[in-house]
Amino acid sequence: MPTARLTVDPGFRIGAVDRRLFGSFVEHMGRSVYTGVFEPDHPAADEDGFRTDVLDLVRELGVTLVRYPGGNFVSNYRWEDGVGPADRRPTRLDLAWRSVESNAFGLNEFMAWAAKAGIEPMMALNLGTRGTSEALDLLEYTNHPGGTALSDLRRSHGVADPHGVRLWCLGNELDGPWQMGHKTAAEYGRLAAETARAMKRFDPGLELVACGSSNAYIDTFASWEATVLEHTYPFVDYVSLHAYYDPTDRDTDSFLASAAEMDRMIDAIVSTADHVGAKLRDRKKIKLSFDEWNVWYQSRFGGEDSLDWQPAPRLIEDVYDVTDAVVVGSLLITLLRHADRVGAACQAQLANVIAPIMTEPGGPAWRQTIFHPFAQTARHARGTVLRVEPDSPVIETERYGEVPALWATATHDEESGEIVLFAVNRDRTSPLALTADLRPFPRARVVEHLVLADDDPGAVNTAERPDRVRPRPVDGTEACDGALTAQLPPVSWSMMRLATR
Ligand SMILES: O=[N+]([O-])c1ccc(O[C@@H]2O[C@@H](CO)[C@H](O)[C@H]2O)cc1
């Protein structure tokens with residue numbers, strides 16, 4: 001059996017696990033909001049119209065941060081439409097998704113939902129069809145205590161206390177020609193800089209995210225970030241990254257290597273941001289906000305033109321299998337491996353739209369396969385991420401060349417002493433024997449080894465069989481005299497928890 005090795009040493013620190021890495025995304029798109037998180041006439045709806053079955057799953061998923069209200073949607077959105085008495089809100093065309101938007105759910109509903117879910121809100125601004133002035137209006141409405149026109153308007157809407165949103169996205173994917181208000185890097189960079197400068201005048205404690213590229217394959221990748229950061233560097237804290245990995249072409253070896261591609265993308269943007277910092281002689285380091293990432297069967301999507309002005313249409317409701325879940329687990333490993341620079345990340349999206357949580361209108365809610373690696377990682381990755389120096393057999397892939405069969409990381413919670421190993425075996429046919437050198441922890445013992453794998457890597461969860469795929473405990477994983485031995489099945493994601501005291 002092929003063997004891989006790694007080393008766990010508390011001296012090899014990458015960075016602290018930022019809880020914002022376990023973010024998600026609620027966009028006004030398809031059934032993400034309507035019949036996803038919000039369905040007033042559902043039997044499980046609470047007094048605010050929020051589905052409590054979905055809220056329970058969101059808490060179990062361990063989501064810490066949610067980006068809202070888009071996505072492409074935000075670039076043609078008027079936030080004012082979504083506040084005030086619900087019966088007076090206008091119905092509008094949503095040009096991004098050629099849908100009809102009722103505005104029954106808006107800013108204050110989102111904030112109330114976020115408070116119930118126990119998550120931090122991350123607001124996106126419309127810098128597509130709108131500009132600095134409307135962004136400042138929204139900021140005043142959202143964050144100013146009272147005594148001004150817009151803060152008093154919020155109070156008249158029944159929200160006495162300001163929402164205190166700290167994290168703001170300066171628009172969405174404005175490099176993309178599909179975006180309402182698409183811009184060149186220089187046009188966007190100037191607008192983002194002036195908006196950010198004014199927002200920081202309101203509150204220097206705000207954390208602002210400049211739009212990076214919408215994907216790593218767009219022609220302007222990296223040069224967009226360089227130009228945008230030349231304009232915005234002193235005023236922003238993060239630059240965004242977006243990436244979706246598409247299993248549709250059935251080149252499964254390449255698909256299983258998606259996290260290696262994410263790794264390269266992060267390295268490229270760190271280098272680009274640091275290059276600009278060096279040019280500007282600014283010692284500040286820009287952090288990365290990987291605020292859209294997931295598996296998406298994108299080539300199955302018929303495009304926006306296939307849509308015809310329905311409210312909450314069924315849109316990109318991908319059903320995920322075991323292989324997709326293993327890839328999601330490996331993408332989370334990559335995010336952790338860059339904990340020194342990636343300070344926030346949002347899986348796109350939360351409910352129904354390429355989502356870990358599925359719902360039926362008036363019916364049940366259930367966990368997709370991809371729910372599980374996210375939930376386990378969010379729950380158990382605590383403390384500090386350690387550099388594990390893996391040594392692994394390689395797999396030849398068509399898209400990305402040679403990649404290691406083992407993709408892994410480890411976290412060390414100094415408080416509890418717990419070490420957690422996250423590991424993926426990308427090999428489709430062979431199990432992988434894993435040996436971990438734990439010499440600094442001679443008393444380490446295995447508390448739990450959960451594996452997500454299946455004899456049928458195409459197995460999925462459905463409303464009828466919601467728990468067909470879930471992580472299962474495995475026996476035989478041992479730690480003795482500072483060495484761990486485990487077996488990782490083909491196409492598998494593992495979480496191994498070790499007590500060290
Ligand atoms: O690669 N592309 O061609 C591509 C096109 C659109 C696109 O949209 C992004 O993904 C959508 C779904 O999460 C969000 O609303 C938007 O920000 C993301 C990627």
Side-chain angles (χ1 to χ4, degrees), residues 25 67 70-72 74-75 96 124 127-128 169-193 208-233 236-246 248-249 251 254-255 257-280 285-296 298-299 301 303 327 330-331 334-335 337-338 341-348 354 397-401 403:
F25 179 26
R67 185 164 171 253
N72 296 342
V74 80
S75 298
L127 291 189
C169 301
L170 299 162
N172 178 70
E173 293 191 354
L174 288 147
D175 63 326
W178 56 85
Q179 206 70 218
M180 300 304 120
H182 165 56
K183 290 172 178 50
T184 65
E187 287 165 349
Y188 170 71
R190 288 285 303 131
L191 176 59
L208 305 180
V209 185
C211 280
S213 297
S214 53
N215 62 72
Y217 298 99
I218 198 158
D219 284 350
T220 46
F221 178 68
S223 68
W224 168 277
E225 284 81 353
T227 305
V228 167
L229 288 174
E230 273 165 20
H231 290 287
T232 58
Y233 207 95
V236 302
D237 305 279
Y238 292 86
V239 63
S240 72
L241 288 78
H242 290 181
Y244 294 98
Y245 302 94
D246 190 343
T248 314
D249 72 358
D251 172 2
S254 296
F255 174 59
S258 299
E261 175 66 358
M262 180 191 242
D263 208 52
R264 280 204 278 253
M265 187 178 180
I266 292 172
D267 285 342
I269 298 307
V270 167
S271 313
T272 305
D274 288 353
H275 166 76
V276 177
K279 265 173 65 173
L280 300 177
K285 293 280 186 209
I286 299 286
K287 287 197 279 186
L288 274 50
S289 170
F290 216 123
D291 50 43
E292 284 188 29
W293 67 268
N294 207 353
V295 171
W296 177 3
Q298 207 165 355
S299 32
F301 174 46
V327 169
S330 67
L331 296 170
T334 295
L335 292 170
R337 285 164 60 113
H338 289 279
R341 292 303 289 267
V342 181
C346 303
Q347 188 181 35
I354 45 172
T397 69
E398 213 172 296
R399 249 181 273 160
Y400 311 123
V403 298

query: Step by step, would you call I354 with Y244 a side-chain contact (heavy atoms from CB on, under 4.5 Å)?
result: CA-CA 10 Å; I354 45 172; Y244 294 98; 3.7 Å; yes
task: Check D267, L331, V327, L241 against M262 for a side chain to side chain contact (heavy atoms under 4.5 Å, CB included) and give me the one that passes.
output: L331
task: Just jot down the ring pair (Phe, Tyr, Trp, His ring centres under 6.0 Å) partners of F301, sequence neighbours excluded, or say none.
output: none
statement: Between A243 and M265 the two heavy atoms that sit nearest each other are CB-SD, 3.9 Å
message: Tell me the closest heavy-atom pair linking S213 and A222, and the distance in Å.
response: OG-N, 3.9 Å
task: List the steps and the verdict of side-chain hydrogen bond (donor to acceptor under 3.5 Å, both in side chains) for N215 and H242.
output: CA-CA 6 Å; N215 62 72; H242 290 181; over 6 Å; no
- prompt: Where the side chain of S240 meets the backbone of G212, is there a donor-acceptor pair that is under 3.5 Å apart?
  reply: yes
- prompt: Are side-chain N/O atoms of Q179 and S75 paired as donor and acceptor at under 3.5 Å?
  reply: yes
query: Residues two or more places apart in sequence or in another chain: which of them pass side chain to side chain contact (heavy atoms under 4.5 Å, CB included) with S271?
result: none
message: For C346, is there any backbone N or O sitting under 3.5 Å from a side-chain donor or acceptor partner on D291?
response: no
query: Hey, is the main chain of L127 close enough, under 3.5 Å, to the side chain of K183 for a donor-acceptor pair?
result: yes
query: Between E225 and T272, what is the shortest heavy-atom contact and its length?
result: CB-CG2, 4.0 Å
